[in-house]
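Below is one structure, written out as structure tokens; the observations come after it.
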Amino acid sequence: MTTKPLHPDTLAVRAALERSQYGENSEALYLTSGYVQPSAQSAAARFANEEEGFTYARYGNPTVASFEKRLAAMEGTEAAIATSSGMAAILMLCMGLLKAGDHVVCSRSVFGSTIKLIGGEFGKFGVASTFVSQTDVSEWQAAIRPNTRLLFAETPTNPLTEVCDIAALADIAHRAGALLAVDNCFATPVLQRPVDWGADIIMHSGTKYLDGQGRVLAGALCCSQALIDEKFMPVLRSAGMTLSPFNAWVVLKGLETLGLRMKAQSAQALGLAHWLAQQPQIARVHYPGLPEHPQHELAMRQQGGVGGAVISFDVGGASPDQARSRAFAVLDHLQVLSLSTNLGDTKSLVAHPASTSHGRLSEEQRQAAGISQGLIRIAVGLEHLDDIQADLDRGLASLA
Ligand SMILES: *Cc1c(COP(=O)(O)O)cnc(C)c1O
């Protein structure tokens with residue numbers, strides 16, 4: 001009998017390190033900063049990377065390794081390397097792949113801190129970057145230089161849910177001898193596996209849907225074992241953006257319900273998006289699952305026919321100031337949903353991106369990214385859809 005590869009749903013609950021001698025069914029949480037070595041000879045071999053074995057918790061931990069193994073299995077990559085947060089994963093990505101004189105092409109619609117890190121912090125160390133349209137592939141092509149080493153994309157984006165064509169960007173990257181990294185935070189491997197479209201590295205903020213219950217910070221890069229051994233492990237060893245075993249354990253257990261949560265929360269989001277689109281106080285709804293979304297077809301193809309759990313909508317206004325006070329009025333009248341800039345929780349979260357997650361950007365950068373003052377983002381959770389709708393109805397009614 002041939003063994004068929006296990007389905008992603010099965011890997012989400014089964015892929016991890018071997019059980020210990022105690023036969024625990026739930027994965028063990030190993031809280032230890034150091035490890036006792038079997039012999040001096042072994043210790044030397046382990047530190048020289050010539051023998052498998054844990055040496056010090058900055059470099060590795062069995063619980064963290066279980067999380068890495070399970071996430072890699074779900075993303076379809078050879079391996080993964082965990083980090084203390086999503087931003088730490090991007091830091092590791094850039095430190096591992098770039099040096100002074102190199103060039104990065106990045107969508108201008110990515111997460112605000114990503115723009116600051118790549119454009120600002122790495123700019124200080126002589127890494128050049130060009131920020132281009134999320135959706136116009138020709139801008140990515142035109143930005144390529146002989147020293148371009150990395151293309152960085154996020155899809156769908158926060159908060160406008162703009163979708164980019166991963167396969168087209170992978171093609172541009174590879175013809176230029178560069179790598180494509182994709183932030184898969186919004187879709188997760190349940191809806192979208194960027195490696196299947198040619199991406200080289202998948203970046204995660206485990207803080208969001210992977211944990212899924214708003215408890216801990218975590219991050220990871222999923223890629224080939226060679227990239228981890230040659231580029232990322234050396235950075236982890238010397239820079240120490242290590243994921244704590246406790247947080248790894250929380251996210252590891254979160255992965256077991258990721259499929260159920262993503263499907264349920266996305267179904268709620270689709271229902272809510274249709275309702276929002278009919279409300280007279282709303283100028284525009286952004287959701288990839290709506291046929292009027294500009295990249296609807298691409299999103300459906302790339303995300304297995306599912307739009308995800310994040311929606312944003314614009315309450316408009318005659319001026320930016322008026323738009324901002326309209327958005328604030330809606331938010332301040334909510335009684336059920338949480339006003340919180342996080343996302344990926346079972347509790348529905350609402351936020352005003354222009355004054356929070358994208359508040360550090362200049363007005364010019366914000367406009368380039370399309371983040372208006374009337375924009376509200378909802379990360380749809382697991383409350384009953386009627387209650388979510390009634391709460392938003394209360395907020396919108398305050399605008400009358
Ligand atoms: C939150 C987020 C990040 C950063 O993750 P942290 O875990 O908060 O560091 C990166 N990208 C996207 C799309 C995010 O939503």
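Just so it is clear, the model here is predicted, and its values are computed rather than measured. Just follow the structure's listing: the first ligand is 1, and inside any ligand the first atom is 1.
- For the pair Cys164 and Leu298, the tightest heavy-atom approach, listed with the atom from each and the gap, is C-CD2, 3.7 Å.
- Of all protein heavy atoms, the one closest to atom 2 (C) of ligand 1 is Lys208 NZ, 2.4 Å.
- Under the 4.5 Å side-chain heavy-atom criterion for Ile, Leu, Val, Met, Phe, Trp and Tyr, Val104 and Met203 are members of the same hydrophobic cluster.
- Here the heavy atom of the protein found nearest to atom 9 (O) of ligand 1 is Met87 N, 2.8 Å.
- Gln373 places a side-chain heavy atom less than 4.5 Å from the side chain of His352.
- Checked against Leu151 for a side-chain contact (heavy atoms from CB on, under 4.5 Å), the options Val182, Asp200, Ile144 give a single hit: Ile144.
- Between Phe111 and Cys185, every side-chain heavy-atom pair lies at or beyond the 4.5 Å cut-off.
- Annotation: atom 5 (O) of ligand 1 to nearest protein heavy atom, Ser205 OG, 3.0 Å.
- Atoms of ligand 1 lying under 4.0 Å from at least one heavy atom of Thr207, given by number and element, are 6 (P), 7 (O).
- When all heavy atoms of Asn61 and Tyr35 are compared, the closest pair comes out as CA-OH, 3.1 Å.
- No part of Asn158 comes within 4.0 Å of ligand 1, judged by heavy-atom distances.
- Listed by number with element, the atoms of ligand 1 under 4.0 Å from a non-hydrogen atom of Ala218 are 7 (O).
- The protein non-hydrogen atom at the shortest distance from atom 6 (P) of ligand 1 is Gly86 N, 3.3 Å.
- Enclosure of atom CD in Glu364 is not indicated, since only 12 or fewer non-hydrogen atoms of other residues, nucleotides or ligands lie within 6.0 angstrom.
- In this structure, of Asp183, Val310, Asn342, Thr83, the residue bringing a heavy atom nearest to atom 11 (N) of ligand 1 is Asp183.
- Shown are Glu51, Gln41, Glu52; of these, the side-chain hydrogen bond (donor to acceptor under 3.5 Å, both in side chains) with Arg46 is made only by Glu51.
- Heavy-atom contacts of Glu154 reach the following atoms of ligand 1: 13 (C) (cutoff under 4.0 Å).
- The residue Ser113 has no part lying near ligand 1, judged by heavy-atom distances below 4.0 Å.
- Under the 4.0 angstrom criterion for non-hydrogen atoms, Ala89 is not in contact with ligand 1.
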